[in-house]
Amino acid sequence: MPELPEVETIKRTLTPLLMGKKISQVNTIREDVIKHPQAKQFVQEITDRNIVNLSRRGKYLTITFADGNRLVVHLRMTGRMLYCSPLDEQKPHTHVIFGLSDGNELRFSDVRRFGCLWLLESMEEDCCTGMVKLGPEPFDEQFCPQYLADLLAKKKTTIKQALLDQRVLAGLGNIYTDEVLFRAAMHPQMICSQISLLKVQKIVIAVRAVLTEAIQHKGTTFRDYLDGMGEKGAHQLALFVYQREGELCRVCKTPIQRIKVAGRSTFFCPNCQK
DNA sequence: AGATGCACCTGTATGC
DNA sequence: TGCATACAGGTGCATC
């Protein structure tokens with residue numbers, strides 16, 4: 001579920017609610033979602049720490065404490081980070097509850113349990129989260145046509161696969177990759193090394209445009225995604241291709257097709273995307 | 001090094 | 001209705 005716009009929205013909704021608050025206690029209902037360190041030490045290191053910052057890198061959410069330690073969260077497909085009252089019903093699949101100094105709670109839940117948490121101590125090198133392997137952020141200057149063109153020139157995979165690769169670019173998942181390729185008017189099975197510089201420029205522009213709009217709409221709620229306050233996103237109403245098989249292209253009225261690319265469902269307009 | 005397939009989980013939709 | 005199967009927004013690992 002959560003790709004860059006969703007994680008960004010969670011960060012934005014949680015930031016005013018968590019900044020300056022202290023974690024007063026941690027209840028690990030399911031310890032196996034904690035990947036590092038061991039659950040007991042995880043709880044010990046977080047309890048009584050003050051939250052000083054929230055940030056996002058790709059699809060990772062990081063909560064930084066005053067002592068420099070960082071809680072890193074990846075929500076994978078169905079994970080949620082919800083700010084709740086202790087009186088709120090504890091939904092099934094709630095795995096970790098962080099008690100806050102304001103009397104409320106931050107709850108990590110995840111139906112499929114692919115999502116996970118790490119705690120990195122202030123001086124500890126990040127060798128376990130996978131964040132170090134991420135490519136540039138889409139809105140960084142580093143993500144420019146020349147960077148992408150050089151990288152794609154060496155690849156023989158499809159463009160869809162390349163854009164899904166977090167080492168190429170951080171933050172795109174299956175929904176936004178399809179939306180980006182529609183906006184760039186490119187067929188998802190186009191081979192990377194055959195893409196012109198002009199087309200690469202279109203991709204860079206499309207990535208930023210699609211993500212900007214999706215963030216403005218507070219993400220896409222197709223099924224499970226909710227922001228930090230439990231609210232759905234609205235971008236599902238603005239999608240051009242994703243999940244629209246058989247429906248008419250918003251631009252040319254051709255029926256949207258669905259194919260498999262790199263093992264993933266892929267939606268595109270056969271007329272607009274050549 | 002890079003590509004491919006599968007594993008990790010549970011819920012839901014579909015078809016027989 | 002009941003059951004089997006396919007599929008779902010993501011990543012990491014073994015294998016070639």
Side-chain angles (χ1 to χ4, degrees), chain A residues 1-10 29-36 56-61 72-81 91-96 108-118 126-135 150-182 188-189 191-193 210-211 214-215 217-227 232-246 258-268:
Chain A
M1 98 194 188
E3 305 179 28
L4 187 149
E6 289 74 34
V7 180
E8 179 64 24
T9 303
I10 292 170
I29 297 155
R30 272 205 83 117
E31 297 190 345
D32 57 0
V33 299
I34 298 162
K35 298 300 173 195
H36 176 86
R56 179 197 58 73
R57 174 85 173 93
K59 302 172 193 173
Y60 292 83
L61 177 70
V72 179
V73 183
H74 198 302
L75 301 170
R76 293 289 203 271
M77 304 276 260
T78 53
R80 291 173 176 170
M81 285 292 266
K91 296 276 165 53
H93 311 293
T94 300
H95 306 310
V96 181
F108 170 76
S109 72
D110 188 353
V111 169
R112 293 173 75 177
R113 261 186 289 134
F114 290 170
C116 36
L117 312 176
W118 302 261
D126 175 12
C127 55
C128 50
T129 68
M131 253 196 300
V132 288
K133 295 180 198 152
L134 293 179
D150 289 348
L151 215 153
L152 296 183
K154 291 179 279 185
K155 281 189 171 288
K156 293 181 192 73
T157 62
T158 61
I159 184 62
K160 162 111 186 189
Q161 210 169 349
L163 292 179
L164 280 172
D165 186 341
Q166 302 300 298
R167 296 168 300 181
V168 172
L169 169 67
L172 290 187
N174 208 30
I175 297 176
Y176 297 114
T177 300
D178 283 3
E179 294 296 311
V180 163
L181 290 172
F182 176 81
Q189 286 173 309
I191 299 300
C192 292
S193 59
V210 165
L211 293 178
I215 292 168
H217 289 139
K218 301 181 178 181
T220 301
T221 298
F222 163 59
R223 180 168 242 162
D224 300 292
Y225 165 71
L226 298 175
D227 72 18
K232 292 179 180 177
H235 194 65
Q236 62 278 7
L237 303 170
L239 295 172
F240 281 89
V241 286
Y242 186 76
Q243 276 293 326
R244 297 193 66 237
E245 182 184 19
R258 170 181 176 145
I259 55 174
K260 282 263 183 209
V261 181
R264 315 290 302 274
S265 267
T266 299
F267 301 85
F268 73 106

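- Protein atom NZ of A:Lys155 is 9 Å distant from nucleotide atom C1' of B:dA3, rounded to whole Å.
- Taking atom P in both C:dC3 and B:dC9, the straight-line distance is 25 Å, to the nearest Å.
- Side-chain proximity of A:Thr157 to the nucleotides B:dA3, C:dG10, C:dC7 is greatest for B:dA3.
- Using a 4.0 Å heavy-atom criterion, one finds that A:Lys260 contacts the sugar-phosphate atoms exclusively.
- As judged by a 4.0 angstrom heavy-atom cut-off over every strand, A:Asp224 is placed among the base-contacting residues.
- With a cut-off of 3.5 Å on both pairing distances, the Watson-Crick or G-U wobble partner of C:dA4 is B:dT14.
- Closest to the side chain of A:Phe114, out of B:dG11, B:dC8, C:dT11, is B:dC8.
- In this structure, A:Leu134 and A:Tyr60 have side chains that are in contact, with non-hydrogen atoms separated by less than 4.5 Å.
- One P atom belongs to B:dG5, the other to C:dC7, and the distance between them is 15 Å to the nearest Å.
- A sub-4.0 Å separation between OP1 or OP2 of C:dG10 and a side-chain N or O of A:Lys59 is present.
- Look at CG on A:Leu117: it is 15 Å from C1' on C:dT11, rounded to the nearest Å.
- Nearest approach of A:Gln166 to A:Lys59, heavy atoms of both residues: NE2-NZ, 3.5 Å.
- For C:dG10, one of the phosphate oxygens OP1 or OP2 lies less than 4.0 angstrom from a side-chain nitrogen or oxygen of A:Arg264.
- Not a single donor-acceptor contact under 3.5 angstrom links the side-chain atoms of A:Arg113 to the base of B:dC9.
- Here the P atom of nucleotide B:dT10 and the CG atom of A:Leu75 are 18 Å apart, to the nearest Å.
- One atom, CG of A:Asp165, and another, P of B:dG2, lie 10 Å apart when rounded to the nearest Å.
- Side-chain contact between A:Asp178 and A:Lys160: present, with at least one pair of heavy atoms (C-beta onward) separated by less than 4.5 Å.
- Looking at heavy atoms from C-beta onward, A:Arg30 lies in side-chain contact with A:Arg113 at the 4.5 angstrom threshold.
- A distance of 7.5 Å separates CZ in A:Phe114 from OG1 in A:Thr78, rounded to the nearest 0.5 Å.
- Within 4.0 Å (heavy atoms only), A:Thr158 reaches no atom of the nucleic acid at all.
- Checking A:Thr220 against A:Cys128, the closest nucleotide of DNA chain C that is more toward the 5' end is the one next to A:Thr220.
- Looking at heavy-atom distances under 4.0 Å, A:Arg258 makes contact with sugar-phosphate atoms alone, never a base.
- To the nearest angstrom, P of C:dG10 lies 17 Å from CZ of A:Arg57.
- OP1 or OP2 of C:dT11 has at least one side-chain nitrogen or oxygen of A:His74 nearer than 4.0 Å.
- Side chain of A:Glu179 to backbone of A:Tyr242: a donor-acceptor contact under 3.5 angstrom is found.
- At the phosphate of B:dG11, OP1 or OP2 sits under 4.0 Å from a side-chain N or O atom of A:His93.
- Using a 4.0 Å heavy-atom criterion, one finds that A:Glu6 contacts no nucleic acid atom at all.
- Side-chain contact check for A:Gln243 versus A:Ile175: every heavy-atom pair is 4.5 Å or farther apart.
- Here A:Ser265 reaches the OP1 or OP2 of C:dA8: one of its side-chain N or O atoms lies under 4.0 Å away.
- Between A:Tyr242 atom OH and C:dG10 atom C1' there is a gap of 12 Å when expressed in whole angstrom units.
- Distances shown here put a side-chain N or O of A:Gln166 below 4.0 Å from the OP1 or OP2 atom of C:dT11.
- If A:Arg112 and A:Lys133 are placed on DNA chain C by their nearest nucleotide, the residue sitting closer to the 5' end is A:Arg112.
- At whole-Å resolution of the value, OH in A:Tyr176 and C1' in C:dG10 are 15 Å apart.
- Across all strands, A:Tyr225 comes closer than 4.0 Å to base atoms (heavy-atom distances).
- Contact annotation: A:Gln243 does not reach the phosphate of C:dA8 (side-chain N/O to OP1 or OP2, under 4.0 Å).
- The distance between atom CZ of A:Phe222 and atom C1' of B:dG11, rounded to the nearest whole Å, is 12 Å.
- Listed nucleotides B:dT10, C:dA8, B:dA3 differ in distance to A:Val111; the shortest reach to its side chain belongs to B:dT10.
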